Every structure is written in C-alpha cells, then in structure tokens.
Amino acid sequence: MKINVTLPDGSVRSYEHGATAMDVAKSISEGLARNVLSAKVNGEVRDANRPLPGDCNLALLTWNDPDGKATMWHSSAHVMAEAVESLYPGAKFGIGPAVENGFYYDIDFGERSVGEHDFAAIEAKFKELASKKASFIRTEVSKADAIKYFTEKSDEYKLELIEGLNDGEITFYNQGNFTDLCRGPHIPDTSFIKAFKILNVAGAYWRGDEKRKQLTRLYAITFPKQKELDEYLAMLEEAKKRDHRKLGKELDLFTFSEKVGPGLPLWLPKGTALRERLVNFMKKAQEDSGYVQVSTPHIAHKDLYVCSGHYEKYGKDSFQPIHTPHEGEEFLLKPMNCPHHCEIYKSRPHSYKDLPIRYAEFGTVYRYEQSGELHGLTRVRGFTQDDAHLFCRPDQVKEEFKKVIDLVLLVFRALDLTDYEAQVSLRDKEDRSKYIGSDENWEKAEQAIIEAAAEKGLRTVVEYGEAAFYGPKLDFMVKDALGRKWQLGTIQVDYNLPERFDLEYVGSDNLKHRPVMIHRAPFGSLERFVAVVIEHTAGRFPLWLTPEQAIVLPISDKFVGACHDVVRVLKNSDIRASVDERNEKIGRKIRDAELAKTPFMLIIGEKEAADGTVSVREHGQGDLGTMAPASFAELVNGRIKAQLAAH
RNA sequence: GCCUUUGUAGCUCAGAGGUAGAGCACUUCCUUGGUAAGGAAGAGGUCCCGGGUUCAAUUCCCGGCAAAGGCUCCA
C-alpha cells in the first residue's frame, strides 16, 4: 500500500506505508535530511521520524521555519534538563517551553540556590550530552503509568500537570538518561544542537501564580552552528550599547537619584530640551488638527477617581491618599488625566454642533509600580502623557479615528520609525457580558475602527477579546532598529466614563445624548517614547530633535571670536550650536564631538576666518568641504524640513 | 512584592581581614596645534546604609536600601 504526500510546492510523491517525514527528506536530498528538525503534517507539527498517518500535506521544517526553531529549542530544553539532573540529582522540573528567543526550564533545586557561577558546569555537561547523538524517542503511556513514574521521581510538578491531562493523550519523550512528560514534537537526535548558552537565571512562580512556589528559571538558547550563536551574542552586545539607560547618562539626558526615589526620573537640561521639542512638535500637530490645550492639577479628590472607577480598579495598588490636616479630606496623586477632562467637558452644556471637542494635555501622572517592575524610563512611577480626550457623537468616531491615525503616523515618520503594525482589539466573540456600553454602539465603533484603519492603509492584525471592558482600541506596535517590538501609540474608545460622569450633549432632536469618548496618546508617555527613540537611533537623534545640531571648533584660541560670530548667524536660522573653547588640539575636539554624536562639526582656522567660511564635517561621514555659514544653515534646515514634511 | 546578581572617585571598573587603586572626566601650568585622544602636575572616596563577629571590617555574617536580569510564553 502506498501513501501520497503533497509537498508545499504542490508536487505529489508516493511512499511506502509507514514512511516518515525523514524518509521523504532523504528521498529529496541528503542535505535536506541533515537539516530537517520536524515536520508539519496537515498543519500539525510532528516528529520528523514519526510514520506519516497516510495521504497528507507535508512541509519539512528546518532552522529557517519558526516551528523548526521551536522544535529545536524545546528539545534543547530537555537536554538542558538532563544536564541539570545529572549535576543536581533530585532537581524537580516544571515546564520547559521554547520561547521567542530560545527556551527556558523552570526547575526546583530544593534548598540549593543556583546562579550564574553554575552556568559553566551546566554548559559543559550539555555539550557532552548533545554530542552523544541521543535520539528522542516518543512513547505513549497510560495515565496510571505516568503517575507512577513521576511519583517514584517525586516530582510534584509533573504530577500536577498529568492531573490535568486525559488518559490516552499522554506521551513521554526520552533521550539519553532523561525522560520527560511531553507532547512533543522533538528533533530526531541531539546532534542537531551545535551551540548552547545559558542566558540568564530568574525566579518564576509555578504556573505564574505568586502565591505558589517560586522555581528557578534558566533561560538559554541553542543554534545549529556555533557561528550563529556568536552572531546572536554580538547582537545582544549591540543592544546593550543602545540601552537608553546607558546612553541617557552618556548624553546627559536624564538621571535618577536615590534620594528622590526609584522610578522618578530627573531630566537634565539637554534631556529637558529634547522633551520640549517633542512636546512642541506634538502641540503644533494637534493645533493643526483642531485640539485645544487644557491644564489640570497633579492631585484631585479621591471621589473623582471613585466616580471614574479608577479607585476601585487600581486604588489598592496605588500611592495612598494624601489627607488634609484639618478637614481630613482625601486627595490622590493623579494617575489619569481623563477624569479631569470629563469634568472640564461637564463645566458647561454642549450642543451636537460643538462636537467633536478635543482636549489635549501633557499631563504628568503618578502610578505606583512595584519596585521590581521599574525599568529605566520605560517603566516609571511619574511620567508625562501626551494625552488627549475627544468627545464626539457616535457617527463621528470613524472620522476622528482617521485623524488620530494621521497624527500617529506623522510622529512615526518624524522619528524614522518605519516598521510598524497596528493591532485592532475587539470584544470577545463568545462572552459579551464583561463589556460596558450598548451592543449597537460597540458594533458601530468596532466597525469604525476597522474601516478607519483600512482606509488609512494600515497593516493590521485583529485580536478578539483584547478590547478593554470600556471599549475597543487600536494600538501601534513599532519595531526598532534591532527588531525589538514596542507598543507606542494607542487609541481607545470609551463608553464607560461618559456614563459614569453622566456626560451629555443636546442633539438636533433637542434631546440629551451621550457623547463617545476617545482616549489617545501618540507618544504614549514622553519617558517611554524617549527611551524607544534613544534605542532605535542609538543616540543619533533626528536632526530636528537632537540636543546640539552643530559644534563650532576653533583650530586655536585665535579663532574663538570668529566661532562665536558663526554661532550667532546660526542662531538666527534657529540652529542650535555652541563653541568648543577648550584648550585642545583639533583632533581631540573632533573625537569628542564624534563621541557625543553631534551631527555637524564646523571647523574654523586661519583660512576660514580669513574668507568667512566654515569647514563642515558630518558625524560619521567626515569632511564635507567649506561653505558660508548661511549655506550651512540652509543645508541643515533643508534636511529638517524634508524629515518633518507631512507627506 | 518575590528569585538571582550587583553596589569602591563624577564615569567605567580592579582590589584585599591591617594607611584605598587604575583609566577617563575635573583643576592648574606648559603647548597654539588643520579633520577621532599633545605633555606635566594636582585635587577628588562615610568603599550604599544599619547592626553583628574580630585586637582590627570597605572586605566575613545578618538586616535594610538601590540598581540589573526575570517573574505573560503551559507537558
């Protein structure tokens, strides 16, 4: 009896019954067979050496397929577990899945504490085991046998996992001296793994539950070639160099102080100026889009947040209320700007003709984040949002969304963030009970978002069940220069707050109606946004944003005066420049300016001073020749204009 | 909050149970130099904080504080 196998290119090949994906690979080429990690059979990823079920569609998976990589990494987790078990007898194992970059295994080492100093031994053992070319062998076991096996090993974690499985669907995989409860699939044998590295160690609660025991999680990665591991490690090094915390310090943008407190960034003059430019950029764009600025204080009555519902949801995990000394009133540090804006809306009646109303505020908010959650500028306790709230009629939602999308894209363009993706978050299809607002309005809003995104030509993914309880949303994910994903701009529809604050407008029918509210923040928070921009550009900011656009370098003291003259000319053209007056040689000044990532260096010596020119050198590019200061100003402003051009 | 690691000069980091070290930065002097580091001298430290062990602790132990990596990825 023969079976027919359809390959991804549509070709059909015939094999003996019981043939495996590996047999198919071998029949195509030896080279392919050496690289096959697993196989996708009728859409399901399976072991390459498992007999095919009959006629099927088959895709052979190699290192180039995400599923192939995952197979390899998951198998690597088993080998790492084997290494750990042989070095630390009695270790118990939780789960060991493949993740985005490598894999991990959660391990209970008992009383022992395992840290970085143990990595070398585990790595050595791993290499020894991997080189044995042990096959991964799949066996189906009964639930009773599975329980028996892990009871003997007294591994309560595996036993708990087995509890949740049905008899008849349980499989074990074995390689070398290690057997694990595992659904698979796995690579044929351990020889495919040529390079291994433990990346870090972390505590992880069993099943992600902080009430349960904390296991030791070993993160690691493997590759089929040593060279690829080396490249990966080099990439991590590069990421470290771009770390915004390091660059923020080097470029004098911001700092932290233990006295001031964790998660509370202090912006230095250069960083503040950079922030201001971002703020002004946004203010201008918002003005052009019909926003009006409002301003609200940093604290408010607790009742405001009780009304908005934020107190109930976040209150217990927030900074505790501030009490007035005599009246005993309770005030909270502002965690959100929206309730304030609702009150501004309420301060007077509105006609349908007034809508949409767009209140914008660069509002600084304070949120308690657990100490371990804090991270540089990306996770802080005090930060400034480029917040705005749009109050509109239901029929205006789509148009408003499109305008906000334009604003977000304007920001991305100005900062060279070209690789982005939009996520539309909608209601759970099954359970609609957890959402507030009428079905009809939701329907309308969801449709409006989808259409707005489509009409703007966004690349979107739709996620059901990801909407907030108060409304659907559109989030922008940006990939930075190293391919890391960040969530930046967000646009959210809200039916909840208009309800809670009893917001209304008078319609053309002279009846009262509920406006729809849209929250949006193209930057998200200034802190986080600056961090992303630093890491994306490695500190080489776009010309319009950079702290200092040009530094003027005198060849010797004699030309300092001429340098200041040039700075004055540049200032008149809105170019930020200063003079390096230090008593140093020109080579040194150039080096320091290059390291400070200053975009342009203007050198003035005998020749330039005499004919009123500057010798222009561009960061990372070198000498551009001499020109008049006015021509240089034109060059800079021309480039800035090109970058900020709307389209 | 919890786990692992770390905390020494402004920065990056070395160090040892017995008077604290380097490079860069800083100050002064010399040098006036043409596209990525000119030379010399000097100043600078509560070795994160609090307790304990010791004749002696910055070093060892305990407790805090802060920072870093992680705590969503489901056999």
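Every chain is numbered from 1 and lettered A, B, ... according to where its sequence line falls, protein lines coming before strand lines. Because the structure is predicted, anything quoted here is derived from the model rather than measured.
- For the ring pair (Phe, Tyr, Trp, His ring centres under 6.0 Å) test, no residue two or more places apart in sequence or in another chain qualifies with F192(A).
- Remark: the E608(A) side chain and the G34(B) base include a donor-acceptor N/O pair separated by less than 3.5 Å.
- Using a 4.0 Å heavy-atom criterion, one finds that K589(A) contacts no nucleic acid atom at all.
- Atom CG of L266(A) and atom P of G10(B) are 17 Å apart (whole Å).
- RNA chain B is contacted by both K558(A) and G263(A); K558(A) maps to the nucleotide lying nearer its 5′ end (nearest heavy atom per residue).
- For D155(A), there are no side-chain hydrogen bond (donor to acceptor under 3.5 Å, both in side chains) partners at least two apart in sequence or on another chain.
- For the C1' atoms, the distance from C49(B) to A16(B) is 22 Å, rounded to whole Å.
- L264(A) has its CG atom 11 Å from the P atom of A66(B), to the nearest Å.
- For the pair E584(A) and K589(A), the salt-bridge criterion is not met [side-chain N within less than 4.0 Å of a carboxylate O].
- When rounded to the nearest whole Å, the span between CZ of F559(A) and C1' of U35(B) equals 15 Å.
- Taking atom P on both nucleotides, A57(B) is separated from U19(B) by 12 Å, rounded to a whole Å.
- Rounded to whole Å, the distance from CG on L218(A) to P on C71(B) is 14 Å.
- Remark: the separation of the P atoms in G44(B) and G34(B) is 37 Å, to the nearest Å.
- For F172(A), the ring pair (Phe, Tyr, Trp, His ring centres under 6.0 Å) partners are Y149(A), F150(A), not counting sequence neighbours.
- Straight-line distance between the C1' atoms of U59(B) and G21(B): roughly 15 Å, to the nearest whole Å.
- Between S425(A) and Q423(A), the side chains place a donor N or O and an acceptor N or O closer than 3.5 Å (distance only, hydrogens not considered).
- Remark: R207(A) engages E160(A) in a salt bridge (charged side-chain N to carboxylate O under 4.0 Å, His left out) (not counting sequence neighbours).
- Separation of the C1' atoms belonging to U53(B) and G10(B) is 35 Å when rounded to the nearest angstrom.
- The salt bridge (charged side-chain N to carboxylate O under 4.0 Å, His left out) check on R528(A) picks up nothing, with sequence neighbours excluded.
- U53(B) makes up no base pair with any nucleotide shown, lacking Watson-Crick or G-U wobble contacts both under 3.5 Å.
- Atom NZ of K607(A) and atom C1' of U35(B) are 13 Å apart (whole Å).
- Using a 4.0 Å heavy-atom criterion, one finds that N200(A) contacts the sugar-phosphate atoms exclusively.
- The pairing partner recorded for A20(B) is none, the criterion being a Watson-Crick or G-U wobble arrangement whose two distances lie under 3.5 angstrom.
- Ring orientation note: the planes of Y232(A) and F223(A) are tilted relative to one another, at an angle of 30° to 60°.
- Under the Watson-Crick or G-U wobble criterion, with both distances below 3.5 Å, A66(B) is paired with U6(B).
- Residue I586(A) is classed as a sugar-phosphate contact, given heavy-atom separations below 4.0 Å to backbone atoms only.
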What are the atom names and distances for every N/O pair under 3.5 Å that joins the protein to nucleotides 37-42 of chain B?
| residue | atom | partner | partner atom | Å |
| --- | --- | --- | --- | --- |
| A37(B) | N7 | R591(A) | NH1 | 3.4 |
| A37(B) | N6 | R591(A) | NH2 | 2.8 |
| A37(B) | N1 | R591(A) | NH2 | 3.1 |
| G38(B) | OP1 | R588(A) | NH1 | 3.4 |

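- Distance CZ (F254(A)) to C1' (A67(B)): 14 Å, rounded to an integer number of Å.
- A search for salt bridge (charged side-chain N to carboxylate O under 4.0 Å, His left out) contacts involving K92(A) returns E156(A), not counting sequence neighbours.
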Contacts under 3.5 Å, N or O only, protein and nucleotides 2-4 of chain B:
| residue | atom | partner | partner atom | Å |
| --- | --- | --- | --- | --- |
| C2(B) | O4' | Y205(A) | OH | 3.3 |
| C2(B) | O2' | Q214(A) | OE1 | 2.1 |
| C2(B) | O2 | Q214(A) | NE2 | 3.1 |
| C3(B) | O4' | Q214(A) | OE1 | 2.5 |
| C3(B) | O2 | G203(A) | N | 3.1 |

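- The shortest distance between side-chain heavy atoms of F136(A) and N174(A) does not fall below 4.5 Å.
- The salt bridge (charged side-chain N to carboxylate O under 4.0 Å, His left out) check on K585(A) picks up nothing, with sequence neighbours excluded.
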(request) Take H74(A) and I187(A) through the side chain to side chain contact (heavy atoms under 4.5 Å, CB included) test and state the conclusion after the steps. (result) CA-CA 9 Å; H74(A) 183 202; I187(A) 57 177; over 6 Å; no
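- Partners of E123(A) under the side-chain hydrogen bond (donor to acceptor under 3.5 Å, both in side chains) rule, at least two apart in sequence or in another chain, do not exist in this structure.
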Could you pull out the protein-nucleic contacts involving nucleotides 73-75 of chain B (nitrogen or oxygen on both sides, under 3.5 Å)?
| residue | atom | partner | partner atom | Å |
| --- | --- | --- | --- | --- |
| A75(B) | OP1 | R183(A) | NH2 | 3.2 |
| A75(B) | OP2 | R183(A) | NH1 | 3.2 |
| A75(B) | OP2 | R183(A) | NH2 | 2.1 |
| A75(B) | O3' | K158(A) | NZ | 3.2 |
| A75(B) | O2' | L181(A) | O | 2.0 |
| A75(B) | O2' | C182(A) | N | 3.1 |
| A75(B) | N6 | E169(A) | O | 3.0 |

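- Between A14(B) and C3(B), the two P atoms lie 26 Å apart (nearest whole Å).
- Comparing the C1' positions of A22(B) and G45(B) gives an interatomic distance of 14 Å, to the nearest angstrom.
- Shortest non-hydrogen contact noted between K270(A) and D252(A) is CB-O, 3.5 Å.
- For the segment residues 243-250 of chain A, residues with any heavy atom less than 4.0 angstrom from an atom of RNA chain B are, sorted by number, R245(A), K249(A).
- Between U8(B) and C2(B), the two P atoms lie 23 Å apart (nearest whole Å).
- Electrostatic pairing of R582(A) and D592(A) counts as a salt bridge here, judged by a charged N lying under 4.0 Å from a carboxylate O.
- Using a 4.0 Å heavy-atom distance criterion, G620(A) is classed as making no nucleic acid contact.
- Look at CZ on F256(A): it is 8 Å from P on A68(B), rounded to the nearest Å.
- A salt bridge is absent between K597(A) and E250(A): the closest approach of a Lys/Arg side-chain nitrogen to an acidic carboxylate oxygen does not fall below 4.0 angstrom.
- Atom CZ in R381(A) sits about 11 Å away from atom C1' in G1(B), given to the nearest Å.
- In a base pair of the Watson-Crick type (N1 to N3 plus N6-O4 or O6-N4) or a G-U wobble (N1-O2 and O6-N3), with each distance short of 3.5 Å, C26(B) is matched with G42(B).
- Across all strands shown, the partner of G1(B) is C71(B), judged by Watson-Crick or G-U wobble contacts whose two distances both fall under 3.5 Å.
- Side-chain nitrogen and oxygen atoms of H375(A) include none within less than 4.0 Å of the OP1 or OP2 phosphate oxygen of A67(B).
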